[in-house]
Number of protein chains: 4
Amino acid sequence: MSRLARGPDGGRPEASRQQLVTIAIDCFARHGFQGSSIDRIAKAAGVTKGALYYHFRDKEDLLLEAVQNRIGEFERHVVEAVAASEDAQERLKRVVDACFFTATASNHRRFIITLMVEALDTNPRLSDKFRMVLRRMRGFLADVVTAGQRRGTLRTDVAAADAAALIAGTIMGAEIQHYQDPNEVDLRRVLDAHLQQLADWLARPAGTAA
Amino acid sequence: MSRLARGPDGGRPEASRQQLVTIAIDCFARHGFQGSSIDRIAKAAGVTKGALYYHFRDKEDLLLEAVQNRIGEFERHVVEAVAASEDAQERLKRVVDACFFTATASNHRRFIITLMVEALDTNPRLSDKFRMVLRRMRGFLADVVTAGQRRGTLRTDVAAADAAALIAGTIMGAEIQHYQDPNEVDLRRVLDAHLQQLADWLARPAGTAA
Amino acid sequence: MSRLARGPDGGRPEASRQQLVTIAIDCFARHGFQGSSIDRIAKAAGVTKGALYYHFRDKEDLLLEAVQNRIGEFERHVVEAVAASEDAQERLKRVVDACFFTATASNHRRFIITLMVEALDTNPRLSDKFRMVLRRMRGFLADVVTAGQRRGTLRTDVAAADAAALIAGTIMGAEIQHYQDPNEVDLRRVLDAHLQQLADWLARPAGTAA
Amino acid sequence: MSRLARGPDGGRPEASRQQLVTIAIDCFARHGFQGSSIDRIAKAAGVTKGALYYHFRDKEDLLLEAVQNRIGEFERHVVEAVAASEDAQERLKRVVDACFFTATASNHRRFIITLMVEALDTNPRLSDKFRMVLRRMRGFLADVVTAGQRRGTLRTDVAAADAAALIAGTIMGAEIQHYQDPNEVDLRRVLDAHLQQLADWLARPAGTAA
DNA sequence: TATGAATGAGGATTCATTCAT
DNA sequence: GATGAATGAATCCTCATTCAT
């Protein structure tokens, strides 16, 4: 019996599959797609390559599953976080906090961002998936902004879509800089500055009618 | 005589070396470092692998030369652009425009950003180089901001370093989204929104003393 | 099932690994280390290069395993041969015979000697290994001589270490000449002459006290 | 003008050719034939590969020339040394001394021995050459022995050819051990022991008629 | 004489993938 | 479910050799 199957689930089918995905995520996050050989993942999981091929059709299948998994979790996390508030600025802050959390508590945001860039032009299937992810993210942010504009807490002369692209991009850009130079770029501090920036920028100018 | 040497330079020594770099940049930009096999680059250049190895010690050497080349050009471009103005907001606009230009007129910004992310954890030497690049970029932006603050055209209650990290990150984030989904993300439009955002955010509040 | 596994061992695990070593020894003996490409060895074994890399980390690993293997066998052979006798001259003869046997019945001595010379300055790790081999061999021969001197059957005014180096060297030199020119140099005959030489040289002069 | 041509010969044709050979010998001696790339030799000589190809048809041609050169010098050296004496034992000593000299004053003996072993089965043309070299050497030694036997200074019940093979082999074997383990094997000491061994072994037994 | 540029074959190594057991 | 053995294509790199200038 493999090391994995002896986990808390006691060998229940699907248990080890899920754990393989978890370990694969870690590997991909650390070394990228091309840098994570099947053998490396298998060794990290304490199984043989054959076991991976029993569970996943091929390497891309494993990757897609891993991505799906993390994206799903992240999006659920964001949706939940935002649901708890009605105020637009507060909701944007919660989105940013969710990103910060996923970026630092685990390396899952890094996993996503790294792979997304690596997938550009390299892997159409994966690229499509990420394109959809970012579209959803922007759509989600745009909805938050639009809602705020309707409620009168955000200025209305800024296109929601542009704001969404800017917010999503700024968070990603901050993360990349942090991943690349953690000593110089304090992610929390930069994201807080971004929130301040958003507050100043999107606030309804004083004396404007709601 | 090789195909390359028959170019407009008519066989001038060093010409083919430079053209190899140019072609390599293209390849790296499109497929990343790992995705660009030496053979692929050689074929794109119409020479054999051996020719590449005649000019460059190894694949990393070629990459480093390419990066050096592009970074240098880009930085020179930015410095020149900024020198032409004294106003902080105007200067920031010029930086953004330089990025836009390098991102669209050629694929050189894409080359840099793609490789930078790929290098994370993968290639320490290259990663170091990019770390320095971004530090210089942030330092440069911070200087622009600080100067604006001293002149009284920018608000002083924002840390220049934070503003610099935000600007650099936002540009990168906008570009990535554009590379990934050109139909949905209009880079010019997003960058313009960013400039507007900067203008609103960094402007000295009305009624404040210079 | 691979060609190898169909051998007399009938597919017993580890069988093919051992057979790969055997074939590699042959190849190395005939063409040296640099002259034996992995492909050549693989072809000789009827497997693909990948199979070799499945069993051995790299070419040097294969070589080291092969050397270890042959050296071990040879040394065991020598020790056993010598154990069967008490007389110094007889024991030296047995050492020489063991060398003759390994030189002619198989090509294993040739394998060792060829690689030893090739390793000079070329491969430090291998060179170290061979250095130790020869030290053990000389140490062993010196012990035999010293024992003979103590028992009074060998003259005592010859340093055992010098005798050991001479014997080891003479055997090696004879073998090399034989490998190089088998028609002109009859190994058995030369080694017999050497034994005679040793007998005459090391014999306790008549009329000397034991 | 190349570095070589500026030597003491002042650019006289054939001068640089000879110097190329000298440098090649050094390279071959240090790294063996396979370990000495044309580029390496060219760099060591301060010229380009093309220059080597101007002077020598191919790498083997260069090697052969180098070997020829060293062999010739060595053999001349031996012949001269021996000519100075009439006594067999003394002449053998001079041969041994010549080997010692060429082994230590330069690395030329090492060059020869290393290549000879490397050439076994690897390079028929070179192997032939070395076969002839050793035949000449053995023939020469046998002549010395035979002459000594005729003169009555050496015992006659030893076949001259066998003695020659033994002497040649012992010297080579001593050298190899020394090259491999210079700290443990003092070449001078071992060769002296060999001379002593020869003296004892080949001496005409007391009381035998000349 | 000699160089610089280039070729092309070969060699070590990696890796996704397959498959009998 | 999982393993061990093996494949074969791809990849990086080296090197002897050629040739126009």
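Every value quoted in this text rests on a predicted model; they were computed, and no experiment measured them. Letters go in sequence order (proteins before strands), and every chain restarts at 1. All heavy atoms count here, side chains included; hydrogens, waters and symmetry mates do not.
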(message) Expressed as a whole number of angstroms, how long is the span from D/Arg17:CZ to E/dA2:P?
(response) 12 Å

(request) Kindly say whether C/Gly35 contributes a backbone atom to a donor-acceptor pair with the side chain of C/Arg40 at under 3.5 angstrom? (result) yes

(request) Name the residue closer to the 5' end of DNA chain F, choosing between B/Tyr53 and C/Ala51 according to the nucleotide with the nearest heavy atom. (result) C/Ala51

(message) Could you check whether any side-chain N or O of B/Arg17 sits under 3.5 Å from a backbone N or O of B/His55, counting only pairs where one atom can act as donor and the other as acceptor?
(response) yes

Output a table of donor-acceptor pairs, distance under 3.5 Å, between side-chain atoms of residues 27-34 of chain B and any protein atom two or more places apart or on a different chain; print 'none' if there are none.
{"unit_1": "B/Arg30", "atom_1": "NH2", "unit_2": "B/Asp26", "atom_2": "OD2", "d": "2.5"}
{"unit_1": "B/His31", "atom_1": "ND1", "unit_2": "B/Cys27", "atom_2": "O", "d": "3.4"}

(message) Just the rounded figure in Å: distance from P of E/dA5 to CZ of B/Phe56.
(response) 11 Å

(message) Once salt bridge (charged side-chain N to carboxylate O under 4.0 Å, His left out) is applied, do any residues pair with D/Asp61, and if so which ones, sequence neighbours excluded?
(response) none

(request) Mind checking side chain to side chain donor-acceptor pair (under 3.5 Å) for B/Glu73 and listing every partner two or more places apart, or none if nothing turns up? (result) none

(message) Taking donor-acceptor contacts at under 3.5 Å, does the side chain of B/Lys49 reach the base of E/dT7?
(response) no

(message) Using OP1 and OP2 only, check whether a side-chain N or O of D/Thr48 sits under 4.0 Å from E/dA5.
(response) no

(request) For B/Asp39, check salt bridge (charged side-chain N to carboxylate O under 4.0 Å, His left out) against everything at least two apart and list the hits. (result) B/Lys43

(message) As a check on the pairing definition, encode DNA chain E in dot-bracket form, counting Watson-Crick and G-U wobble pairs whose two distances are under 3.5 Å, and using | for partners outside this strand.
(response) .||||||||||||||||||||

(message) Can you tell whether the side chains of B/Asp128 and B/Arg125 come within less than 4.0 Å, N to carboxylate O?
(response) no

(request) Quickly work out the B/Ile38 CD1 to E/dG10 P distance and round it to whole Å. (result) 21 Å

(message) For F/dA2 and A/His55 - does any side-chain N or O of the residue sit under 4.0 Å from the phosphate oxygens OP1/OP2?
(response) yes

(request) Would you please name every residue forming a side chain to side chain donor-acceptor pair (under 3.5 Å) with A/Arg57, sequence neighbours left out? (result) none

(message) What is the separation between atom NZ on B/Lys43 and atom C1' on E/dG8, rounded to the nearest whole Å?
(response) 12 Å

(message) Rounded to whole Å, please give me the gap between CG in B/Leu20 and P in E/dG4.
(response) 17 Å

(request) Mind running a 4.0 Å heavy-atom check of residues 57-65 of chain B against DNA chain F and sending the residues that fall below it, in number order? (result) B/Asp58, B/Lys59

(message) Both B/Gly50 and C/Gln34 contact DNA chain E. Which one's nearest nucleotide lies toward the 5' end?
(response) B/Gly50

(message) For C/Tyr179, give me all partners under side chain to side chain donor-acceptor pair (under 3.5 Å), at least two apart in sequence or on another chain.
(response) C/Glu175

(message) Please determine whether a side-chain nitrogen or oxygen atom of C/Tyr54 lies at a distance below 4.0 Å from atom OP1 or OP2 of F/dA5.
(response) yes

(message) Nearest whole Å is fine: how far is E/dA16 P from A/Ile41 CD1?
(response) 8 Å

(message) Measuring from the side chain of C/Val47 (C-beta onward, heavy atoms only), which nucleotide among F/dT11, F/dT7, E/dC15 has the closest atom?
(response) F/dT7

(message) Just to verify, what does A/Lys49 make a side chain to side chain donor-acceptor pair (under 3.5 Å) with, not counting sequence neighbours?
(response) none

(request) Give the rounded distance in Å between these two atoms: CG of A/Asp39 and P of E/dA16. (result) 8 Å

(message) Can you measure A/Leu52 atom CG to E/dC19 atom P for me and round it to whole angstrom units?
(response) 18 Å

